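Working notes for the structure below.
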Amino acid sequence: MSGRRLGGIGCAIWAAVFSLPHVYWGAGGRMGIVATLGSLAVLREPVLAIGGTWGVLVICLVAIAFGLAVAGRPAWAPRRLLLICSILAAVVLGGHGLQIVVEFGLAQLGVLSPPPPPGGMSEVHAQLLIWGPMFLIGGLLFAVCAVSLRASGRTTRGAVRPTI
């Protein structure tokens, strides 16, 4: 299996897994949300509740479609657009994951003494052990897509593609 195909399928699976807790929370589930957000008070604000649950779900659906487009590379999805989107996603997801791991890791080690989070140490652990690595994995998968899309552009430039 090619790197482009593997990266695309990996991105689609990652986005589907990432969407699961947001669907659960959007449907009214509350388990795990205090450890993630620090408080249920956030959900009392309709804009935050809708944007934070269903908005993320819409973004995840776009990411699933993106991953499948990279894996299958249909005619409606130009390589350059997929490349730019994969670079942006890799930078945003990877950067956010790195920020979470560094900030909450240093807080856990006692190097930083930020104000205590509303959710207590469970929020620190959820951010450090679940969400930080989740964002880093997503960033790495989108980076694989970017590298493989860039490589596929180099190998076919100027070449005649065979028709079947």
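Because the structure is predicted, anything quoted here is derived from the model rather than measured.
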> Where do Pro133 and Gln127 come nearest, in terms of heavy atoms and distance?
Replying inline: CD-O, 4.2 Å
>> Side-chain heavy atoms under 4.5 Å apart, restricted to Ile/Leu/Val/Met/Phe/Trp/Tyr: what other residues fall into the cluster of Leu20, or is it alone?
In response: none
Compile the donor-acceptor pairs under 3.5 Å between side chains in residues 86-96 and protein atoms, sequence neighbours left out, one pair per line.
residue	atom	partner	partner atom	Å
Ser86	OG	Leu82	O	3.0
Ser86	OG	Leu83	O	2.8
His96	ND1	Gln99	OE1	3.3

> Is the closest side-chain heavy-atom distance between Trp131 and Phe18 below 4.5 Å?
Replying inline: yes
Nearest-0.5 Å distance that lies between atom [atom1] in [X] and atom [atom2] in [Y]:
X      : Y      : atom1 : atom2 : answer
Trp54  : Ser19  : CH2   : OG    : 10.0 Å
Ile130 : Ile100 : CD1   : CD1   : 11.0 Å
Arg80  : Arg150 : CZ    : CZ    : 8.5 Å

> Does the Arg79 side chain pair with the main chain of Leu149, one donor and one acceptor, at a distance under 3.5 Å?
Replying inline: yes
> Mind checking whether Val147 and Val70 sit in one hydrophobic cluster, side chains of I, L, V, M, F, W, Y counted as touching below 4.5 Å?
Replying inline: no
> Under a single-linkage definition using a 4.5 Å side-chain heavy-atom cutoff for Ile, Leu, Val, Met, Phe, Trp and Tyr, are Val58 and Ile64 assigned to the same hydrophobic cluster?
Replying inline: no
Using a 3.5 Å cut-off and no angle test, enumerate the donor-acceptor pairs between side-chain atoms of residues 134-144 and protein atoms at least two apart in sequence or in another chain.
none

Mind checking side-chain contact (heavy atoms from CB on, under 4.5 Å) for [X] and listing every partner two or more places apart, or none if nothing turns up?
X     : value
Val23 : Leu57
Ile13 : Ile9, Val17
Ile59 : none

